[in-house]
Amino acid sequence: MSLAVRDLSKTFENLQVLQGVNLDFKDSGIYCLMGPSGTGKTTFLRILMGLEKADTGVIQGRDGKRFSAVFQEDRLCEAYTPLDNVMMAADRSVAREAAKRELCRILPEESISRPVYTLSGGMKRRTAVCRALLAPYDILVMDEPFVGLDEDTRGQVLRYVREKTEGKLVILSTHMEEDAAVLGAETVRLYTFQ
């Protein structure tokens, strides 16, 4: 197992968000966290990456691992181009031309040299996905990465993610059963404790 989550719990004030979560993730493969809004998917991912502290429990196998992430917010530098945003996070081995080719697989070519603030929400989302995929990582975490994409674009980006993450560990949250099917992912259900 790459990661073992044991008895993980988290409460915000009087709201129990996660309680006694026990999960195992292999060294490679795609896992889709599913559950209604408010079941703690985002909180779980933040704890996994070390951005939030659990009240109880442990995560074994996380130490020394590099994480790359697509957050619910795109977290892009709006005045920079998609290509510049990708290059800021890309592995040093990724040449600018190679990053441009990758962006052109999921974005119209004319958009990759425009400032991000001129792009649609879906274009920004695709930029954030490409940036995360070209960053150095052992574990890729994606929090609802396909929100705001129309059906055709969603399918294109899902196939791109599946191809680019071959042999890697990917943990993502989604509300769409179809996403898990296209990704060939294992579904992990989180339930609310309210």
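Just so it is clear, the model here is predicted, and its values are computed rather than measured. Starting from 1, each residue takes its place in the sequence as its number.
- At least one donor-acceptor pair under 3.5 Å links the side chain of Ser173 to the backbone N or O of Glu144.
- Within the 3.5 Å criterion, the main-chain N or O of Gly20 finds a donor-acceptor partner in the side chain of Ser9.
- A donor-acceptor pair under 3.5 Å is absent between the side-chain atoms of Arg114 and the main chain of Glu110, judged by distance alone.
- Between the Arg162 side chain and the Val182 main chain, a donor and an acceptor come within less than 3.5 Å of each other.
- Side chain of Gln16 to backbone of Leu18: a donor-acceptor contact under 3.5 angstrom is found.
- Figure legend: cation-pi geometry between Lys10 and Phe12, with NZ or CZ positioned under 6.0 Å from the six-membered ring centre and within 45° of its axis.
- The CD atom of Gln19 sits 11.0 Å away from the CG atom of Asp55 when rounded to the nearest 0.5 Å.
- A salt bridge between Asp138 and Arg62 is absent, with no side-chain N of the basic residue lying under 4.0 Å from a carboxylate O of the acidic one.
- With respect to the salt-bridge test (charged N to carboxylate O, under 4.0 angstrom), the residues Asp74 and Lys124 do not qualify.
- Minimum heavy-atom separation, Pro136 to Ala90: CD-C, 4.1 Å.
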**OP:** Just do the side-chain hydrogen bond (donor to acceptor under 3.5 Å, both in side chains) check on Thr127 and Asn85 with the steps written out, would you?
**Re:** CA-CA 8 Å; Thr127 300; Asn85 271 275; over 6 Å; no
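- Shown here are the salt bridge (Lys or Arg N to Asp or Glu O under 4.0 Å) partners of Arg96, two or more places apart in sequence or in another chain: Asp84.
- Using a 4.0 Å cut-off between a side-chain N of Lys or Arg and a carboxylate O of Asp or Glu, Glu163 and Arg159 do not qualify as a salt bridge.
- Between Asp143 and Arg46 there is no salt bridge, since no side-chain N of the basic residue sits under 4.0 Å from a carboxylate O of the acidic one.
- Closest approach of Gly40 and Val17 over heavy atoms only: CA-CG1, 3.4 Å.
- A salt bridge does not link Arg154 to Glu151: none of the charged side-chain nitrogens sits closer than 4.0 Å to a carboxylate oxygen.
- Using modelled atom types, one side-chain atom of Lys168 and one backbone atom of Tyr137 make a donor-acceptor pair closer than 3.5 Å.
- Using the six-membered ring where Trp is involved, Tyr31 and Phe25 have ring planes that are perpendicular, over 60° apart on the 30 and 60° scheme.
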